[in-house]
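Got a structure for you, questions after.
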Number of protein chains: 2
Amino acid sequence: MPPVRRQARGERRIADVLDATLALFAEVGYEKTSTNAIAARAGMSPGSLYQYFPNKEAIAEALSQRLVEELRAAHTTAFGEADVTGLPLAELISRVVDPLVAFNVAHPGAKALFGNAAMPAALAAGSRPLQSAVTGRVAAIIRARSPELPLPDAERTAMVAVQIVAALMGPIVAAEGDERAALIAELKRALVGYLESAER
Amino acid sequence: MPPVRRQARGERRIADVLDATLALFAEVGYEKTSTNAIAARAGMSPGSLYQYFPNKEAIAEALSQRLVEELRAAHTTAFGEADVTGLPLAELISRVVDPLVAFNVAHPGAKALFGNAAMPAALAAGSRPLQSAVTGRVAAIIRARSPELPLPDAERTAMVAVQIVAALMGPIVAAEGDERAALIAELKRALVGYLESAER
DNA sequence: GACGAATACGAGCGATCACTCGTAATCTCC
DNA sequence: GGAGATTACGAGTGATCGCTCGTATTCGTC
């Protein structure tokens, strides 16, 4: 498998494919998004699509990787990691949740990759990064704030917190205006309540 | 549409179909469960299957209705509704959550109907009962405990609580032994923390 | 401008899906 | 025991899916 020499045109086409895939995932979800529909939305033929990706799963995988990077960028610019331990819990949660919400609102369809247990099992490698990148980050923060907490407990707490966020992200993205703001507030309250009792 | 006269044999076959459907939903989810596979698992031909159900959606709908009834039965026997307002919050949550967990452990695949936003939109009528039967119940309990809470707020709080439960039900069902117990404890802590701050 | 590599096309292949239909066995009720 | 309804079958239909392949065009490089 020699790494293919790629022209600038090709890079652009790949980006087009990922854009189209994200849009379709947002509209109909992973399973019901056909590869022919992706090609059509990206303005190319099925044959051209398969010049860049070996199969549908690889498309989701590449999209997932791109989203992971965008998410990481959004988070690292959102807070300088040094002061994490000193921050009040509510403040910390806002600084993590707000960019995450903004990210999901900006990229609806990300949750098709993010929260989806119905993903093909083989896609674990492609879908898991998004899920576990976030969980790992949260676990690290929890460990930094509560060093005495056993590692398995910190990981379980992080996983639960991420599941709660993922569960409410759908309604939050679907809602608008005041209702969305109210749901975000509820999410933060839920996290504060849960993590406060976990830190004690 | 005159209600079809059904023989005892037919009733048994319908139950067989729903059993098979629930098992397959647990294994591969709604989308990837084929009607031919349902028929085969139920020990009948596709033609016989379609004697009892007009389409795949109707099968899911009937299964959902059966689960709603079983769930209602499990809950009403689990607590006499009179003392709901007086109970300590943690106790109340245990009495609601424990039967729900037991139900989902006994019927894996119920969550394919329960928590699934990827369900066909038209299935709202079939899948919503399970979701909204639980949410409505929770909203009623919240209103009973906090009568001064505006109704929209109570409904939103109930919805969030149910989403949290649904989000953790998957990991809980998937886990075993101590890990499952630990996750159930986390779920209850999360609910206590959230609902305490909501009741205030 | 010529040559190889990369890009591009789209009809169509094989598989699978939800669902049908002609036919036959079995049950209910008189 | 016979008529009509119900139950049962399973090969088959049309649609859709992920994906291929033969061929044509464009690009980078000399």
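Chain naming here is simple, since letters A, B, ... match the order of the sequence lines and numbering starts at 1 in each.
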Checklist entry - How many Å lie between CD on A:Gln51 and C1' on D:dT23, as a whole number? => result 13 Å

Next on the checklist: Treating A:Arg145 as the side-chain partner and A:Leu87 as the backbone partner, does any N or O pair qualify as donor plus acceptor under 3.5 Å?
Outcome noted: yes

Checklist outcome for this item: The side-chain contact (heavy atoms from CB on, under 4.5 Å) partners of A:Tyr50 (sequence neighbours excluded) come to A:Thr35

Next on the checklist: I need the CD1-P distance between B:Ile38 and C:dA18, as an integer number of Å.
Outcome noted: 8 Å

Checklist outcome for this item: Those residues at least two apart in sequence (or on a different chain) that pass side-chain contact (heavy atoms from CB on, under 4.5 Å) with A:Gln51 are none

Donor-acceptor list for residues 159-174 of chain B side chains, cut-off 3.5 Å, not counting sequence neighbours:
residue  : atom : partner  : partner atom : Å
B:Gln163 : NE2  : A:Ala167 : O            : 2.9

Next on the checklist: Can you list everything that forms a side-chain contact (heavy atoms from CB on, under 4.5 Å) with A:Ser34? Sequence neighbours excluded, please.
Outcome noted: A:Asn36, A:Ala37

Checklist entry - Can you check the A:Met44 CE to D:dT25 C1' distance for me, whole Å? => result 16 Å

Checklist outcome for this item: Hits for side-chain contact (heavy atoms from CB on, under 4.5 Å) against A:Lys188, two or more places apart or cross-chain, chain-then-number order -> A:Ile93, A:Ser94, A:Val97, A:Asp98, A:Ile184

Checklist entry - For A:Leu24 and D:dC17, what is the distance between atoms CG and P respectively, to the nearest whole Å? => result 11 Å

Checklist entry - About how many Å separate OH of B:Tyr30 and NZ of B:Lys56, when rounded to the nearest 0.5 Å? => result 5.0 Å

Item to check | Nearest-neighbour nucleotide for the B:Arg6 side chain, D:dG18, D:dC9, D:dT7 considered | outcome: D:dT7

Item to check | Whole-Å distance separating the NZ atom of B:Lys32 from the P atom of D:dT16 | outcome: 20 Å

Checklist entry - Among D:dC9, C:dA18, D:dC17, which is the nearest nucleotide to the side chain of A:Ser34? => result D:dC17

Item to check | Interatomic distance where CG belongs to A:Leu49 and P belongs to C:dA8 [whole Å] | outcome: 12 Å

Checklist entry - Between A:Ile14 (CD1) and C:dA8 (C1'), how many Å, whole number? => result 14 Å

Next on the checklist: If the cut-off is 4.0 Å, is A:Arg13 near the phosphate of C:dC9, judged by side-chain N/O to OP1 or OP2?
Outcome noted: yes

Checklist entry - Using a cut-off of 4.0 Å between protein heavy atoms and nucleotide atoms, how would you tag nucleotides 19-30 of chain C 5' to 3' with B, S and -? => result BBB----SSS--

Item to check | Spacing of A:Glu31 atom CD relative to C:dT16 atom C1', expressed in whole Å | outcome: 14 Å

